Number of protein chains: 2
Amino acid sequence: MTPGTQPPAARVTSLDVARLANVSQSAVSRTFTPGASVSEKTRERVLAAAAHLGYRPNILARSLITGRSNMVGLVLSELSNPYYPPLLEKLSGALQAQGRHLLLFTVPHDQDVETLIPRVLQYQVDAVVICAGTVSSGMAAACARDRRPVLLLNRTASHPQADHVLCDNEDGGRQAAAALIAAGCQRLGLIHGQSGTMTADLRARGFLAEAARAAVPVRQADGGFTAAGGAEAARCLLTGPEAPVDGLFAANDLMALEALRVAETLGRSVPQDLKIIGFDDIPDAARFGLSTLRQPLEDLVQALAAQLEARLNGAPAAPPQVLPVCLIRRASLGAA
Amino acid sequence: MTPGTQPPAARVTSLDVARLANVSQSAVSRTFTPGASVSEKTRERVLAAAAHLGYRPNILARSLITGRSNMVGLVLSELSNPYYPPLLEKLSGALQAQGRHLLLFTVPHDQDVETLIPRVLQYQVDAVVICAGTVSSGMAAACARDRRPVLLLNRTASHPQADHVLCDNEDGGRQAAAALIAAGCQRLGLIHGQSGTMTADLRARGFLAEAARAAVPVRQADGGFTAAGGAEAARCLLTGPEAPVDGLFAANDLMALEALRVAETLGRSVPQDLKIIGFDDIPDAARFGLSTLRQPLEDLVQALAAQLEARLNGAPAAPPQVLPVCLIRRASLGAA
DNA sequence: CTGTTAGCGCTTTCAC
DNA sequence: GTGAAAGCGCTAACAG
């Protein structure tokens with residue numbers, strides 16, 4: 001049996017309901033259209049018939065006419081980072097509350113975000129949320145041509161037609177440096193995220209700027225945002241001939257937690273010899289007393305959902321929305 | 001401006017392409033239909049015109065005719081369990097390789113899986129994958145009426161029309177007990193998952209059966225599959241007047257890891273005084289030397305994808321597919 | 001191989 | 001308020 005040869009399911013259509021209820025097909029349609037005018041009598045008859053047959057409007061057929069699918073494309077790449085699952089859960093919940101649903105596209109390791117976008121658009125999603133890779137202008141243009149809003153979550157601008165919702169990465173870096181310096185650190189270490197990504201660069205920039213302002217030296221290493229890379233970078237920064245660093249900032253918690261473990265292995269006691277700050281506040285951070293910059297996940301998602309709603313109602317792209325991050329002081333900083 | 005009042009996007013249709021290429025609309029359609037017969041000449045003209053206009057077929061319109069949307073509904077509840085993100089990532093990848101995409105539905109905390117299903121079906125998804133809550137037969141019936149395959153991932157049977165892909169939870173429990181006993185444990189402890197869920201019950205059953213077979217006593221506590229609950233249960237099992245347990249099995253790693261920490265807090269040294277085994281093999285398990293029963297994620301996903309493909313080609317529901325779990329020996333069991 | 005035609009299930013004018 | 005009819009963008013017969 002060849003694929004696709006199956007008879008399509010015998011679905012219940014509005015016409016079936018109309019016949020059973022002895023009304024026109026349009027009456028059925030109106031009954032299921034929120035703002036339409038139907039007499040109470042008709043509505044009841046239709047609803048009864050629909051319930052009897054198990055009828056529910058076909059959203060795809062509807063969207064062909066209304067131009068609205070109530071689906072939002074979500075392009076994701078880094079589900080393995082524990083920061084994302086809570087985000088995804090909240091995002092899905094917020095959109096579901098608006099009557100929309102996420103259509104998921106994951107970026108294959110060997111592929112680019114770019115190449116995925118046309119596929120996303122084919123599904124007639126009402127908007128595209130991108131939370132992966134770097135977004136080039138070609139892509140934004142493709143969406144703009146189709147008048148499909150594009151929202152970038154935790155990515156920084158590449159195109160003025162897209163909305164941007166993100167946390168203040170640069171200020172987070174700044175806060176980290178300030179906190180370490182205030183805690184008495186004199187030789188700082190910075191574990192970079194994947195270079196080239198805006199979040200990594202901004203966090204680093206803020207950190208370096210604040211350290212420079214205070215004239216505190218900084219040694220750097222690249223951890224690539226991964227646990228393994230973070231461990232490697234930490235080892236690199238905590239050993240060697242030079243005077244060891246006494247304050248460490250990692251561009252995400254995954255790496256910071258590894259640094260914590262590496263420090264332990266090397267016999268450095270935290271927070272006495274070494275203070276550590278991460279970024280994201282993933283669940284494990286609390287468990288291991290890791291100080292970190294917490295992103296306001298709930299606010300990010302709410303802002304995104306609100307902006308999405310606005311754009312779908314015709315509003316133009318808004319200026320980037322940058323939400324504050326908040327330093328959570330835990331044991332790794334000498335907090336209670 | 002009222003919602004939905006916006007003019008639908010000015011989309012490029014197959015007719016636009018046809019006109020530009022001086023061919024019929026069907027020629028355009030055929031060009032984009034894999035198995036159709038078009039001359040090389042026409043195909044080129046069409047593709048050129050399409051590229052020029054930025055045309056791509058509207059999948060929703062297509063699905064109205066073919067009865068195939070290439071979307072698969074995914075009903076999820078427990079994204080916060082670190083076991084799920086890798087699963088979701090692999091699943092999405094596997095389906096994407098088949099040219100399908102996941103439409104996400106998360107179960108709100110105050111709601112039932114049941115109530116979500118009609119909404120899922122409205123989107124004309126080709127199939128529904130459920131990875132949440134307990135699935136009642138009413139729901140399965142609804143899907144069956146629409147001839148929509150239902151696949152349950154890591155849930156046990158409730159309806160013969162659904163496919164089931166899961167790992168051998170009961171045997172995992174058995175293996176855990178056997179391993180602890182073989183390692184010399186004489187007083188076992190069991191931290192239950194959320195009671196009522198099949199995975200929790202089966203893991204417990206296997207564990208208890210094997211312990212009983214070996215006539216080793218077992219104390220039990222409920223951890224509800226959560227980190228907090230696991231810590232509480234561990235504290236309960238590791239303290240108290242009775243002789244302390246020397247072998248502990250937790251129904252998932254989240255709880256087992258907490259148990260590991262609680263044991264440390266209580267001054268019990270692992271694996272000397274106490275051996276611990278978890279379930280799932282989440283990333284943290286390796287990091288903390290937790291022995292655990294690893295689920296064959298990749299195999300689960302592949303089996304699911306294959307079964308999905310089969311069902312969509314007309315195959316009937318298959319008998320439950322139970323994949324073996326594998327005990328990973330780490331420090332918590334005294335392994336190297 | 002090609003164009004013409006019908007129609008997927010639905011919403012939306014438009015008369016009544 | 002209601003039904004008839006048109007048509008969203010596309011595929012699938014069907015003649016040629």
Side-chain angles (χ1 to χ4, degrees), chain A residues 2-19 21-46 50 53-70 121-126 146-147, chain B residues 4-19 21-46 50 53-70 121-126 146-147:
Chain A
T2 42
T5 290
Q6 279 307 101
R11 286 165 185 142
V12 183
T13 78
S14 61
L15 197 61
D16 298 325
V17 177
R19 279 196 281 252
N22 258 316
V23 296
S24 74
Q25 191 211 31
S26 350
V28 178
S29 172
R30 288 192 192 99
T31 302
F32 286 95
T33 303
S37 63
V38 207
S39 74
E40 198 49 45
K41 200 164 285 185
T42 319
R43 146 177 254 94
E44 272 172 28
R45 288 244 301 281
V46 169
L53 296 174
Y55 168 81
R56 307 222 69 192
N58 178 331
I59 293 205
L60 269 37
R62 169 184 293 172
S63 78
L64 205 53
I65 297 176
T66 62
R68 285 259 193 285
S69 64
N70 287 331
L121 260 20
Q122 279 198 274
Y123 279 90
Q124 311 303 114
V125 295
D126 293 339
D146 276 28
R147 305 237 181 84
Chain B
T5 289
Q6 278 309 98
R11 284 161 186 145
V12 183
T13 78
S14 61
L15 197 59
D16 298 324
V17 178
R19 279 196 281 251
N22 260 316
V23 295
S24 75
Q25 192 210 30
S26 358
V28 178
S29 172
R30 282 195 272 265
T31 301
F32 286 96
T33 304
S37 62
V38 208
S39 73
E40 198 48 44
K41 200 163 283 184
T42 317
R43 146 178 255 94
E44 271 172 29
R45 288 244 301 281
V46 169
L53 297 173
Y55 168 81
R56 305 224 69 191
N58 179 331
I59 293 204
L60 269 38
R62 168 186 293 173
S63 78
L64 205 53
I65 297 178
T66 61
R68 285 261 194 284
S69 63
N70 287 331
L121 260 20
Q122 278 198 273
Y123 279 90
Q124 311 303 115
V125 294
D126 293 340
D146 276 28
R147 304 234 182 86

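No experiment lies behind these values; they were computed from the predicted model shown. Just so we're on the same page: letters track the sequence lines, and every chain starts at 1.
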Subject >> Nucleotide nearest B:Tyr55 when distance is taken to its side chain, options D:dG1, D:dA12, D:dC10 >> reply: D:dC10
Subject >> A:Arg19 CZ - C:dC10 C1' separation (whole Å) >> reply: 15 Å
**OP:** Measure from the side chain of A:Ala27, starting at C-beta and using heavy atoms only, and say which of D:dC10, D:dG9, D:dG3 lies closest.
**Re:** D:dG3
Subject >> Whole-Å gap separating P (C:dT11) and CG (A:Leu60) >> reply: 12 Å
Subject >> Length of the line joining A:Arg45:CZ and D:dG1:P, which is rounded to integer Å >> reply: 16 Å
Original post:
Out of C:dC10, C:dC8, D:dC8, which has the shortest distance to the side chain of A:Arg62?
Top reply: C:dC10
**OP:** Rounded to the nearest angstrom, tell me the gap between atom CG in B:Leu121 and atom P in C:dG9.
**Re:** 15 Å
**OP:** Could you tell me whether A:Thr42 contacts a base, only the sugar-phosphate backbone, or nothing, with contacts defined as non-hydrogen atoms closer than 4.0 Å?
**Re:** sugar-phosphate
Subject >> Atom of A:Arg43, atom of A:Thr31 and distance for their closest heavy-atom approach >> reply: NH2-O, 3.6 Å
Original post:
Can you tell me if the side-chain N/O atoms of A:Ser39 get under 4.0 Å from OP1 or OP2 in D:dT2?
Top reply: yes
Original post:
Just how far, in rounded Å, is P of C:dT2 from CD of B:Glu40?
Top reply: 10 Å
Original post:
For C:dC10, does OP1 or OP2 lie under 4.0 Å from any side-chain N or O of A:Ser14?
Top reply: yes
Subject >> Exercise: do B:Gln124 and B:Ser69 side chains pair donor with acceptor under 3.5 Å >> reply: no
**OP:** Just do the side chain to side chain contact (heavy atoms under 4.5 Å, CB included) check on A:Gln122 and B:Asn58 with the steps written out, would you?
**Re:** CA-CA 5 Å; A:Gln122 279 198 274; B:Asn58 179 331; over 6 Å; no
Subject >> Test side chain to side chain contact (heavy atoms under 4.5 Å, CB included) applied to A:Arg45 and A:Asn22, step by step >> reply: CA-CA 8 Å; A:Arg45 288 244 301 281; A:Asn22 258 316; 3.7 Å; yes
Subject >> A:Thr42 side chain to A:Ser39 side chain, donor-acceptor N/O pair below 3.5 angstrom >> reply: yes
Subject >> Side chain of A:Arg30 - closest among D:dC10, C:dC14, C:dC10 >> reply: C:dC14
Original post:
Nearest of C:dT5, D:dG3, C:dC10 to any side-chain atom of B:Ser26?
Top reply: C:dT5
Subject >> Atom-to-atom span, CZ of B:Phe32 to C1' of D:dG9 - whole angstrom >> reply: 14 Å
Original post:
Contact class for B:Thr13 vs. all strands (heavy atom < 4.0 Å): base, sugar-phosphate, or nothing?
Top reply: sugar-phosphate
Original post:
Of all the nucleotides listed (D:dG9, D:dA4, C:dC10), which has the minimum atom distance to the side chain of B:Ala61?
Top reply: D:dG9
Original post:
Where the side chain of B:Asn58 is defined as all heavy atoms beyond and including C-beta, which of C:dT11, D:dT11, D:dC10 is the nearest nucleotide?
Top reply: D:dC10
Subject >> Closest non-hydrogen atom pair, A:Ala50 against A:Val17 >> reply: N-CG1, 3.9 Å
Subject >> Distance, rounded to the nearest Å, where A:Asp16 contributes CG and C:dC8 contributes C1' >> reply: 13 Å
**OP:** Identify which nucleotide among D:dC10, C:dG3, D:dT2 has an atom closest to any side-chain atom of A:Val38, counting heavy atoms from C-beta outward.
**Re:** D:dT2
Original post:
Under 4.0 Å: is that the gap between some side-chain N or O of A:Thr66 and OP1 or OP2 of C:dT11?
Top reply: no
Original post:
For DNA chain C, whose closest nucleotide is more 5', that of B:Asn22 or that of A:Leu64?
Top reply: B:Asn22
Subject >> Atom-pair distance (CD on B:Gln25; P on C:dA6), nearest Å >> reply: 14 Å
Original post:
Distance check: side-chain N/O of A:Ser29 vs OP1/OP2 of C:dC10, anything under 4.0 Å?
Top reply: no
